[in-house]
Visitor: 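Below you'll find the structure I mean.
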Amino acid sequence: MFGDSVGINSASPENPDKQSLTRALVVFVVLAFGLSWLIALPLWLGDGMQTRGFSLYLLAMMATPTIAAVVSVLLVERPVRKLQALGITPLQPVGRLIGFSALAVVLVFLLCLLALPMGALFGVYHADFTGLSGFKQLLDEQMRAANLPPIPLSPGVLLALQFLNIAIASLVINVIPALGEEIGWRGWLLPRLVKRFGPWWSIAISGIMWGLWHSPVILLGYNYPDTPGWLSVLAMTAMCTVVGGIFGWLRLRGGSVWPAAFAHSTFNASAGVFALFMAADTQVDTLHASILGWSGWIIPAVLLIVIVLTGQFRAVGETVRPPMTHWPTVEVSTDPLPVKDREFNDESHHSRH
C-alpha cells in the first residue's frame, strides 16, 4: 500500500496514508449503510416485502455501495486513475479477464448446486434429483392458480429451460445490478482491507459489513422468511463472509471487479435452484438448506480456507506477506547529501508489495 518515500509526507492520491484511508472508509460506510436504510424506509413504513415495486427498491439499494465508493474516490482519495481505484479497470490482459469471469459463473453455479446434496446429507433438504416432483408440483399449482392447463413438457426439458434461464440471467440480466454492489464491496473496499489487514481479517471485515448492509430487507423476511430477524441477519452475515471471500478471491486474481460481478450475478440467478430439486409436499428452510443456509456454506468455506492457506488470496503480481500491525512512520532525514548519494535502509524506507 505504501510505496517508496522521501521526506515528511509519504501519502499520495494513489497511495493514501492512514488518515486519508480512514476518512475514505468512514465516508464509504456512512453512505453505503445510510443510503441503504433511506431507500428501504418506504418498505418499513409500508407493507414490507409486499410493498408495490419491492424489486425496484432492491435494485436501488444495490447501487448504494458503488455510490459510496465513487464519493470516497472523488472527494477523499482523489487518485489519478479513478476507474482503477474502483476496480473497473484494468481490462487487460483479456485472457485473464475472460478466464476468471467464466470461472466465476461456473464455480458459483456449482457451489449453489452442490449445496443441495450437502443439505440432503445432513437431512435438512428433502430432495428429488431425478423426478423433480416438487418442481412439477409447484408449476402445476401456479398453472391452476392462473386457470391454465399443466405444461406438457417432460421434467428433463423443464430443467434444461430453467438452466438456460439461469445462464441468461447470470451473463446478461443480473450483471449490472450486481456490479452496483461489487464496485463498492470488492472493487474498492476489499483491496484496501487486504493491504492493511491481510487475507483473514479482510475476508471477515468485508463479509460482516456486506452482510449487515442487507439488514433493511433481511429484517423484513427477505431470504429467511421463517427465521427470527436477529438470526436472519446473523445467517446472512455468515453467508456473506464465506461467499464474499470467494468473490473477493475472483476479484483479486482476476485483476478487476468484473469476475466478482459475474460471480454475484450468477449467485443471484442460482440461489433459488433448490426449488428445482425439492421433493413434493416438502418445504425448504433456507436457514438450514441451499447456499443461503449453513449446510450450503461448508463447501465454499473449505474452498476459501484452501485458497488462503495456499497464498492465493492476493492481487495479481503481489507476493504473500503478513498483515500490517502498525502504520509505517516516516523519518525526517538530516543527511545533507543529495538524495542520489544517500544510502537507504530497505526496512525503514521501503514497503514491499
Visitor: Find out if a path of hydrophobic residues (ILVMFWY) with successive side-chain heavy-atom gaps under 4.5 Å connects W37 to V29.
Guide: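 Yes: a chain of side-chain contacts under 4.5 Å links W37 to V29.
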
Visitor: Is the closest side-chain heavy-atom distance between P150 and K136 below 4.5 Å?
Guide: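 Heavy-atom side-chain distance check fails, nothing below 4.5 Å.
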
Visitor: Donor-acceptor check, side chain of D47 to backbone of Q50, threshold 3.5 angstrom: yes or no?
Guide: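 Not confirmed, D47 side chain does not pair with Q50 backbone.
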
Visitor: Taking the side chain as every heavy atom from C-beta outward, state whether D128 and L132 have any atom pair closer than 4.5 Å.
Guide: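 No - every pair of side-chain heavy atoms lies 4.5 Å or more apart.
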
Visitor: Do we get R186 above W210's six-membered ring, with its NZ or CZ under 6.0 Å from the centre and within 45° of the axis?
Guide: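 Judged by the rule, R186 and W210 form a cation-pi pair.
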
Visitor: For the pair L193 and W201, evaluate side chain to side chain contact (heavy atoms under 4.5 Å, CB included) and give the outcome as yes or no after the intermediate values.
Guide: CA-CA 8 Å; L193 294 178; W201 278 107; over 6 Å; no

Visitor: Is I176 reachable from I173 through a run of I, L, V, M, F, W or Y residues, each pair having side-chain heavy atoms under 4.5 Å apart?
Guide: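 Different clusters: I173 never reaches I176 through Ile, Leu, Val, Met, Phe, Trp or Tyr contacts under 4.5 Å.
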
Visitor: Are F109 and L114 connected, step by step, through hydrophobic side chains (Ile, Leu, Val, Met, Phe, Trp, Tyr) whose heavy atoms are closer than 4.5 Å?
Guide: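 Unlinked, F109 and L114 end up in two clusters.
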
Visitor: Any side-chain heavy-atom pair from I299 and L110 closer than 4.5 angstrom?
Guide: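 Side-chain contact under 4.5 Å: no.
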
Visitor: Can you give me the closest heavy-atom contact between I291 and P300, atom names plus distance?
Guide: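 Looks like CD1-CG, 4.3 Å.
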
Visitor: Which pairs would a plain distance check flag for residues 60-76, meaning a side-chain donor or acceptor within less than 3.5 Å of a matching protein atom at least two apart in sequence or in another chain?
Guide:
residue: T64; atom: OG1; partner: M61; partner atom: O; Å: 2.7
residue: T64; atom: OG1; partner: W213; partner atom: NE1; Å: 3.2
residue: T66; atom: OG1; partner: L179; partner atom: O; Å: 3.4
residue: T66; atom: OG1; partner: G180; partner atom: O; Å: 2.5
residue: S72; atom: OG; partner: A24; partner atom: O; Å: 3.2
residue: S72; atom: OG; partner: F28; partner atom: N; Å: 3.4
residue: S72; atom: OG; partner: A68; partner atom: O; Å: 3.0

Visitor: In the structure I gave you, are the side-chain heavy atoms of L103 and P259 within less than 4.5 Å of one another anywhere?
Guide: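 Counting from C-beta outward, L103 and P259 never come under 4.5 Å.
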
Visitor: Taking a hydrophobic cluster as the set of Ile, Leu, Val, Met, Phe, Trp and Tyr residues connected by side-chain heavy atoms closer than 4.5 Å, whether directly or through intermediates, do V106 and I166 fall within one such cluster?
Guide: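 No, separate clusters.
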
Visitor: Mind checking the OG-CD spacing from S256 to Q92? Nearest 0.5 Å is all I need.
Guide: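 So the OG of S256 and the CD of Q92 are separated by 10.5 Å.
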
Visitor: Under the side chain to side chain contact (heavy atoms under 4.5 Å, CB included) rule, what do F267 and N174 come out as? Steps first, then yes or no, please.
Guide: CA-CA 9 Å; F267 181 90; N174 291 347; over 6 Å; no

Visitor: Nearest heavy-atom pair of I218 and V233: which atoms, and what distance?
Guide: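 Distance-wise, the nearest heavy atoms are CG2-N, 3.8 Å.
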
Visitor: May I ask you to check whether over 12 heavy atoms, not counting those of F33, lie within 6.0 Å of atom CZ?
Guide: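 More than 12 within 6.0 Å, yes.
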
Visitor: Please determine whether side chain to side chain contact (heavy atoms under 4.5 Å, CB included) holds for the pair N223 and M236, giving the CA-CA distance in whole Å, both sets of side-chain angles, and the decisive distance to 0.1 Å.
Guide: CA-CA 8 Å; N223 280 350; M236 188 67 182; 3.6 Å; yes

Visitor: First locate atom OH of Y224, then atom NE2 of H214, and finally report the distance between them rounded to the nearest 0.5 Å.
Guide: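 If we round to the nearest 0.5 Å, Y224:OH and H214:NE2 are 9.5 Å apart.
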
Visitor: For a quick test of reading the model, state the closest non-hydrogen atom pair linking Q84 to T89 and the distance between them.
Guide: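 Smallest interatomic distance, heavy atoms only, reads N-OG1, 3.2 Å.
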
Visitor: Give a yes or no on whether the backbone of A261 and the side-chain of S265 come within a donor-acceptor separation of less than 3.5 Å.
Guide: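 Not a single qualifying donor-acceptor pair exists.
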
Visitor: What distance do L116 atom CG and H126 atom NE2 have between them, rounded to the nearest 0.5 Å?
Guide: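 Answer for the CG-NE2 pair, L116 versus H126, is 13.5 Å.
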
Visitor: Determine, stepwise, if the pair L231 / L287 fulfils side chain to side chain contact (heavy atoms under 4.5 Å, CB included).
Guide: CA-CA 9 Å; L231 187 54; L287 178 65; 3.7 Å; yes

Visitor: Determine yes or no for a side-chain-to-main-chain donor-acceptor pair under 3.5 angstrom, with S290 supplying the side chain and T286 the backbone.
Guide: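 Absent.
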
Visitor: Return yes if some donor-acceptor pair links the side-chain N/O of W297 with the main-chain N/O of V242 below 3.5 Å, else return no.
Guide: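 Absent.
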
Visitor: side-chain hydrogen bond (donor to acceptor under 3.5 Å, both in side chains) for W188 and E77? Distances and angles first, verdict last.
Guide: CA-CA 11 Å; W188 182 83; E77 292 183 338; 3.2 Å; yes

Visitor: Using the ring-ring contact (aromatic ring centres under 6.0 Å, His included) rule, collect all pairs that involve residues 67-103, keeping only residues at least two apart or in two chains.
Guide: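 Listed once each, the pairs would be none.
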
Visitor: Kindly write out the residues that satisfy side chain to side chain donor-acceptor pair (under 3.5 Å) with W294, not counting sequence neighbours, or none if the list is empty.
Guide: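 If we apply the side chain to side chain donor-acceptor pair (under 3.5 Å) test to W294, skipping adjacent residues, the hits are H288.
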
Visitor: Can I get a per-line list of side-chain donor-acceptor pairs under 3.5 Å for residues 270-282, giving both atom names and the distance, sequence neighbours left out?
Guide:
residue: S270; atom: OG; partner: T266; partner atom: O; Å: 2.9
residue: D281; atom: OD1; partner: Q137; partner atom: NE2; Å: 2.8
residue: T282; atom: OG1; partner: A279; partner atom: O; Å: 2.5

Visitor: Strictly distance-based, threshold 3.5 Å: is any side-chain N or O of R251 a donor or acceptor partner for the main-chain N or O of G187?
Guide: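 Yes, R251 side chain to G187 backbone: donor-acceptor pair under 3.5 Å.
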
Visitor: How many angstroms lie between OG1 in T241 and CD1 in I203, if you round to the nearest 0.5 Å?
Guide: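 Result: 9.5 Å between the selected atoms.
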
Visitor: Do other residues, nucleotides or ligands put more than 12 heavy atoms under 6.0 Å from E141 CD?
Guide: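 Counting neighbours around CD of E141, more than 12 heavy atoms of other residues, nucleotides or ligands fall under 6.0 Å, so yes.
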
Visitor: Taking the side chain as every heavy atom from C-beta outward, state whether F54 and Y222 have any atom pair closer than 4.5 Å.
Guide: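 Yes, at least one pair of side-chain atoms sits under 4.5 Å.
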
Visitor: Mind jotting down which residue pairs meet the salt bridge (charged side-chain N to carboxylate O under 4.0 Å, His left out) criterion with at least one end in residues 95-108? Sequence neighbours excluded, please.
Guide: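 Those involving residues 95-108 do not exist here.
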
Visitor: Can you confirm whether L219 sits close enough to W44 that some side-chain heavy atom of one is under 4.5 Å from a side-chain heavy atom of the other?
Guide: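 L219 reaches W44 side chain to side chain.
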
Visitor: Is there side-chain contact between S202 and L190, with heavy atoms separated by less than 4.5 Å?
Guide: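 Touching, per the 4.5 Å side-chain cut-off.
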
Visitor: Do the side chains of L220 and L45 join up, straight or via other hydrophobic residues, at under 4.5 Å, putting them in one cluster?
Guide: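 The answer is no; the residues belong to distinct hydrophobic clusters.
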
Visitor: What side-chain hydrogen bond (donor to acceptor under 3.5 Å, both in side chains) pairs are there with at least one residue in residues 151-170, not counting sequence neighbours?
Guide: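 Every pair satisfying side-chain hydrogen bond (donor to acceptor under 3.5 Å, both in side chains) with a residue in residues 151-170: there are none.
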
Visitor: Is the shortest heavy-atom distance from the side chain of L91 to the side chain of W258 under 4.5 Å?
Guide: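 Answer yes - side chains close enough.
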
Visitor: Return the CZ to CD1 distance between F313 and I307, rounded to the nearest 0.5 Å.
Guide: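 Between atom CZ of F313 and atom CD1 of I307 there are 8.0 Å.
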
Visitor: When rounded to the nearest 0.5 angstrom, what is the spacing between CE in M49 and OH in Y57?
Guide: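 If I round to the nearest 0.5 Å, the distance is 14.5 Å.
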
